[in-house]
Chemist: 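The structure's right below; bear with me while I get my questions together.
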Amino acid sequence: MTLLLKPITRLSLFQTHFQINNNNNPRARATSVSCSWSHGAHKIVREFDPKIPIEKAITPPSSWYTDPSFYAFELDRVFYRGWQPVGYTEQIQEPRDFFSGRLGNVEFVVCREDNGKIAAFHNVCRHHASLLVTGSGKTSCFTCPYHGWTYGLNGELRKATRISGIEDFSINDFGLVPIKVATWGPFVLLNMDNEILQKDNIDTDNVASEWLGSSSELFSLNGVDTTLTYVCRREYIIECNWKIFEKVSIQSAEGGSKEKEDDRLGSKAFYAFIYPNFMINRYGPWMDTNLAIPLGPRKCLVVFDYFVEASFKDDKAFIERSLADSEKVQMEDIRLCEGVQKGIESPAYSTGRYAPNVEKAMHHFHCLLYDNLIN
């Protein structure tokens, strides 16, 4: 069975208005300078025609994978709107736990307050823009390493140094800039669109509908839930555009004899791609997720997180063997992806063609991305 997801959220959230003078909104600030690159990016987008059937279609041009203006346009239209997976609930299980990260130009921190509420903020001090924290850990507050401005886990500014003689300053106006945060299953999601105000209680069903569409129940039925035990994370910086690292479908399969069954894979598997850049692979006792984070037109960070069913969490030999097998696959994929990027940058290549019988998912992904960018 194959089910392709359409990013309804990405399209509907595009219908927003924002103030150019809103300094707390990365999209609003970008608007003031977007004219310098949006016209050229729109032209590049239109070099692909999604209305042409796959049998006759031409792939998107190489500029989709190399052009800096197109990359900036993608960040604004694709990644700064709608729900984006950034981590897992196990990373913030207890009060005062936090983790940080980056998506495009947005530095963020996610934490669990003392009252158990999950909060997220731009990881930027309001004094002179220093990053507040790196990595993950446990803390009772966020203290800027530059001049010591200190913020509570609820984002409120608790202490401001070097403000003697300052005028027209209110400590209440300089808290951390919030980011909308929600959870679904084991996943922590952020919505970078600060026009959409954070509410104390976010409807989980609405989040599931916006992020997964009508497929949310299918994920739960196939074992994508909070009962799994987190194992580890592997990160790979790959010299290729994030779109080259792509799969674009939900697939499930079961069958095969027990005698021939791989104990790592099992006899049942569920593979899902959630637009634009997140993959979930559920097979046997394992679940791994792959998140492709753009770092530039020609570079991305791919984050693999591994989970296992509780009954296997203490089987170290099994886990190590499985991770070693996975590592071999990732190394092969990295070599292929980097080779494709080099080929795309060659003057000998401009566009290609689809193999209709096996690349419908790739074509579908390109059509979704086109709609996301053009509307």
Chemist: Check Asp173 with Arg126, please: is the shortest side-chain N to carboxylate O separation under 4.0 Å?
Modeler: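 A salt bridge is absent here (no side-chain N lies under 4.0 Å from a carboxylate O).
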Chemist: For Phe79, which of Tyr275, Tyr71, Phe278, Trp242 qualifies under ring pair (Phe, Tyr, Trp, His ring centres under 6.0 Å)?
Modeler: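 Among the candidates, only Trp242 passes.
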Chemist: Do Arg353 and Glu359 sit within salt-bridge range, that is, some charged N less than 4.0 Å from a carboxylate O?
Modeler: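 Not counted as a salt bridge, because no side-chain N and carboxylate O are separated by less than 4.0 Å.
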Chemist: Quick check on the 6.0 Å ring-centre criterion: do Tyr151 and Phe121 meet it?
Modeler: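 Ring-ring flag for Tyr151/Phe121: false, centres at least 6.0 Å apart.
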Chemist: Answer yes or no: is there a donor N or O on one side and an acceptor on the other, between the side chain of Thr229 and the main chain of Lys313, under 3.5 Å?
Modeler: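 Side chain of Thr229 to backbone of Lys313, a donor-acceptor pair under 3.5 Å: no, none is there.
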Chemist: Side chains of Thr143 and Trp149: is there a donor and an acceptor less than 3.5 Å apart?
Modeler: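 No - no donor-acceptor pair under 3.5 Å links their side chains.
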Chemist: Please determine whether side chain to side chain donor-acceptor pair (under 3.5 Å) holds for the pair Tyr283 and Asp288, giving the CA-CA distance in whole Å, both sets of side-chain angles, and the decisive distance to 0.1 Å.
Modeler: CA-CA 9 Å; Tyr283 46 94; Asp288 68 65; 2.5 Å; yes
Chemist: For Lys117 and Asn115, test the side chains for any donor-to-acceptor distance below 3.5 angstrom and give the result as yes or no.
Modeler: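 Side chains of Lys117 and Asn115: no pair found under 3.5 Å.
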Chemist: Applying salt bridge (charged side-chain N to carboxylate O under 4.0 Å, His left out), run through Lys342 and Glu239 and close with a yes or a no.
Modeler: CA-CA 9 Å; Lys342 290 177 180 178; Glu239 299 295 328; over 6 Å; no
Chemist: Quick check: do Glu47 and Ser63 have side-chain heavy atoms less than 4.5 Å from each other?
Modeler: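 Yes, close enough: below the 4.5 Å cut-off.
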Chemist: Would you check if Phe99 and Val133 make a side-chain contact, meaning some heavy-atom pair closer than 4.5 Å?
Modeler: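 In short, these two side chains do not touch, never coming nearer than 4.5 Å.
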Chemist: Could you state the interatomic distance from CD (Gln84) to CG (Leu190), rounded to the nearest 0.5 Å?
Modeler: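 Gln84 CD to Leu190 CG: 8.5 Å, rounded to 0.5 Å.
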Chemist: Going by heavy atoms in the side chains, are Thr351 and Ser62 under 4.5 Å from each other?
Modeler: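 Thr351 vs Ser62: side chains apart.
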Chemist: Should we count CD of Glu217 as having more than 12 external heavy atoms under 6.0 Å?
Modeler: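 12 or below, so no.
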Chemist: Flag the pair Phe48 / Cys367 as yes when at least one side-chain heavy-atom distance between them is below 4.5 Å, and no otherwise.
Modeler: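 They are in contact (side-chain heavy atoms under 4.5 Å apart), so the answer is yes.
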Chemist: Under 3.5 Å, is there a donor-acceptor pair between the Tyr306 and Ser326 side chains?
Modeler: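 A donor-acceptor contact under 3.5 Å links the two side chains.
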Chemist: Show the numbers, then the answer: is there a side-chain contact (heavy atoms from CB on, under 4.5 Å) between His122 and Leu176?
Modeler: CA-CA 7 Å; His122 288 267; Leu176 297 179; over 6 Å; no
Chemist: Side-chain heavy atoms under 4.5 angstrom apart, residues restricted to Ile, Leu, Val, Met, Phe, Trp, Tyr: same cluster for Ile374 and Leu75?
Modeler: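 Yes; Leu75 is reachable from Ile374 via cluster members.
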Chemist: Check whether Thr183 reaches the backbone of Val188 with its side chain - one donor and one acceptor, N or O, closer than 3.5 Å.
Modeler: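 Pair absent, no side-chain N/O of Thr183 close to backbone of Val188.
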Chemist: Mind checking whether Phe174 and His127 have ring centres under 6.0 Å apart?
Modeler: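 Judged by ring-centre distance (under 6.0 Å), Phe174 and His127 do not meet the cut-off.
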Chemist: Is the shortest distance from a Lys or Arg side-chain nitrogen in Glu327 or Arg234 to a carboxylate oxygen in the other one below 4.0 Å?
Modeler: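 Salt bridge present between Glu327 and Arg234.
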Chemist: Between Trp286 and Phe312, does the ring-ring contact (aromatic ring centres under 6.0 Å, His included) criterion hold? Intermediate values first, please.
Modeler: CA-CA 9 Å; Trp286 282 97; Phe312 288 83; 8.4 Å; no
Chemist: Over all heavy atoms of both residues, which pair between Leu189 and Pro85 is shortest? Give the atoms and the distance, please.
Modeler: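 Looks like CD2-CA, 3.6 Å.
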Chemist: Using a strict threshold of under 4.0 Å (side-chain N to carboxylate O), is an ion pair present between Asp114 and Arg96?
Modeler: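 Looking at Arg96 and Asp114, the cut-off is met.
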Chemist: Would you say the side chain of Gln341 lies within less than 4.5 Å of the side chain of Asn241, judging by non-hydrogen atoms?
Modeler: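 Sidechains of Gln341 and Asn241: in contact.
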Chemist: Would you name the heavy atoms of Ala120 and Val181 that are closest together and state the gap between them?
Modeler: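 Distance-wise, the nearest heavy atoms are CB-CB, 3.8 Å.
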Chemist: Nearest 0.5 Å, what's the CD1-CG distance between Ile238 and Asp333?
Modeler: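 Going from the CD1 atom of Ile238 to the CG atom of Asp333 covers 8.0 Å.
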Chemist: Between the side chains of Asp97 and Arg112, is the shortest nitrogen-to-carboxylate-oxygen separation below 4.0 Å, so that they form an ion pair?
Modeler: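 The answer is no: the pair does not qualify as a salt bridge.
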Chemist: With Phe187, which of Ile280, Val86, Thr89 fulfils side-chain contact (heavy atoms from CB on, under 4.5 Å)?
Modeler: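 Filter result, single survivor: Ile280.
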Chemist: Could you give me the CA-CA distance, side-chain angles and deciding distance for Val340 and Phe245, then say whether side-chain contact (heavy atoms from CB on, under 4.5 Å) is met?
Modeler: CA-CA 10 Å; Val340 170; Phe245 194 86; over 6 Å; no
Chemist: Is the side chain of Lys360 donor-acceptor paired with the backbone N or O of Pro356 at a distance under 3.5 Å, no angle test?
Modeler: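 Yes, because the side chain of Lys360 sits within donor-acceptor range (under 3.5 Å) of the backbone of Pro356.
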Chemist: Quick check: does any side chain N or O of Arg162 sit under 3.5 Å from a backbone N or O of Ser164, one acting as donor and the other as acceptor?
Modeler: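 No: the side chain of Arg162 does not pair with the backbone of Ser164.
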Chemist: With a 4.5 Å cut-off on side-chain heavy-atom distances among I, L, V, M, F, W and Y, is there a chain of contacts connecting Ile237 to Ile334?
Modeler: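 Cluster IDs for Ile237 and Ile334 match.
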Chemist: Roughly how far apart are Asn281 CG and Phe307 CZ, rounded to 0.5 Å?
Modeler: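 Going from the CG atom of Asn281 to the CZ atom of Phe307 covers 12.0 Å.
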Chemist: Grab the two heavy atoms, one from Arg233 and one from Glu235, that are nearest each other, plus how far apart they are.
Modeler: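 Smallest heavy-atom distance, with atoms named: CD-OE2, 3.5 Å.
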Chemist: Using the rule that two of Ile, Leu, Val, Met, Phe, Trp, Tyr join whenever any of their side-chain heavy atoms come within less than 4.5 Å, decide whether Val224 and Leu228 are in one cluster.
Modeler: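 As far as the 4.5 Å side-chain criterion goes, Leu228 and Val224 are connected within one cluster.
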Chemist: Met279 vs Thr289, test: side-chain contact (heavy atoms from CB on, under 4.5 Å). Steps then yes/no.
Modeler: CA-CA 5 Å; Met279 286 151 270; Thr289 62; over 6 Å; no
Chemist: Any side-chain heavy atom of Leu221 sitting closer than 4.5 Å to one from Phe270?
Modeler: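 SC-SC contact between Leu221 and Phe270 ruled out.
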Chemist: Using 4.0 Å as the upper bound for N to carboxylate O, is an ion pair formed by Glu94 and Lys138?
Modeler: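 Counted as a salt bridge, because a side-chain N and a carboxylate O are separated by less than 4.0 Å.
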Chemist: Would you check if the side chain of Asp225 reaches a backbone N or O of Ser220 as a donor-acceptor pair within less than 3.5 Å?
Modeler: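 Side chain of Asp225 to backbone of Ser220, a donor-acceptor pair under 3.5 Å: no, none is there.
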Chemist: Where is the tightest heavy-atom contact between Pro68 and Pro297, given as atom of each residue plus distance?
Modeler: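 So the two residues come closest at CA-CG, 3.9 Å.
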Chemist: Taking all atoms of both residues into account, what is the closest heavy-atom pair of Trp64 and Ile44, and its distance?
Modeler: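 Minimum heavy-atom separation between Trp64 and Ile44: NE1-O, 3.1 Å.
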Chemist: Are Tyr80 and Asp193 close enough that some pair of their side-chain heavy atoms sits under 4.5 Å apart?
Modeler: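 With C-beta onward as the side chain, the pair stays apart.
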Chemist: Asn372 side chain to Val78 main-chain N or O, any donor-acceptor pair under 3.5 Å?
Modeler: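 Side chain of Asn372 to backbone of Val78, a donor-acceptor pair under 3.5 Å: no, none is there.
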Chemist: Could you state the interatomic distance from CD1 (Ile293) to CG (Asn277), rounded to the nearest 0.5 Å?
Modeler: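 Spacing of CD1 (Ile293) from CG (Asn277) equals 7.5 Å.
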Chemist: With no hydrogens and no angle check, is any side-chain donor or acceptor of Glu320 less than 3.5 Å from a backbone partner on Ala317?
Modeler: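 No: the side chain of Glu320 does not pair with the backbone of Ala317.
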Chemist: Side chains of Asp49 and Tyr370: any donor to acceptor distance under 3.5 Å?
Modeler: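 Short answer, no.
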Chemist: Taking the side chain as everything from C-beta on, heavy atoms only, tell me whether Phe70 gets closer than 4.5 Å to Val45.
Modeler: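 Yes. Closest side-chain heavy atoms under 4.5 Å.
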Chemist: Quick check on the hydrophobic clustering: are Leu132 and Ile179 connected, directly or via other members, by side-chain heavy-atom contacts under 4.5 Å?
Modeler: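 Cluster IDs for Leu132 and Ile179 differ.
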Chemist: Output the rest of the hydrophobic cluster of Leu336: all Ile, Leu, Val, Met, Phe, Trp and Tyr residues reachable through side-chain heavy-atom contacts under 4.5 Å, sorted by chain and number.
Modeler: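 Its cluster mates, by chain and number: none.
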Chemist: Which atom names give the shortest non-hydrogen contact between Cys300 and Leu295, and what distance separates them?
Modeler: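 Scanning both residues completely, I find the closest heavy atoms to be C-CD1, 3.8 Å.
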Chemist: When rounded to the nearest 0.5 angstrom, what distance separates SG in Cys232 from CG in Leu323?
Modeler: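 So the gap between those two atoms works out to 4.5 Å.
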Chemist: Taking only residues at least two apart or on different chains, which pairs with a member in residues 331-354 satisfy ring-ring contact (aromatic ring centres under 6.0 Å, His included)?
Modeler: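 Passing the test, one end in residues 331-354: Tyr354-His363, Tyr354-His366.
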Chemist: Evaluate side-chain contact (heavy atoms from CB on, under 4.5 Å) for Arg158 paired with Cys141, printing each intermediate quantity in order.
Modeler: CA-CA 9 Å; Arg158 291 181 177 175; Cys141 60; 3.8 Å; yes
Chemist: Find out if a path of hydrophobic residues (ILVMFWY) with successive side-chain heavy-atom gaps under 4.5 Å connects Met192 to Val109.
Modeler: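 In one cluster with Met192: Val109, no.
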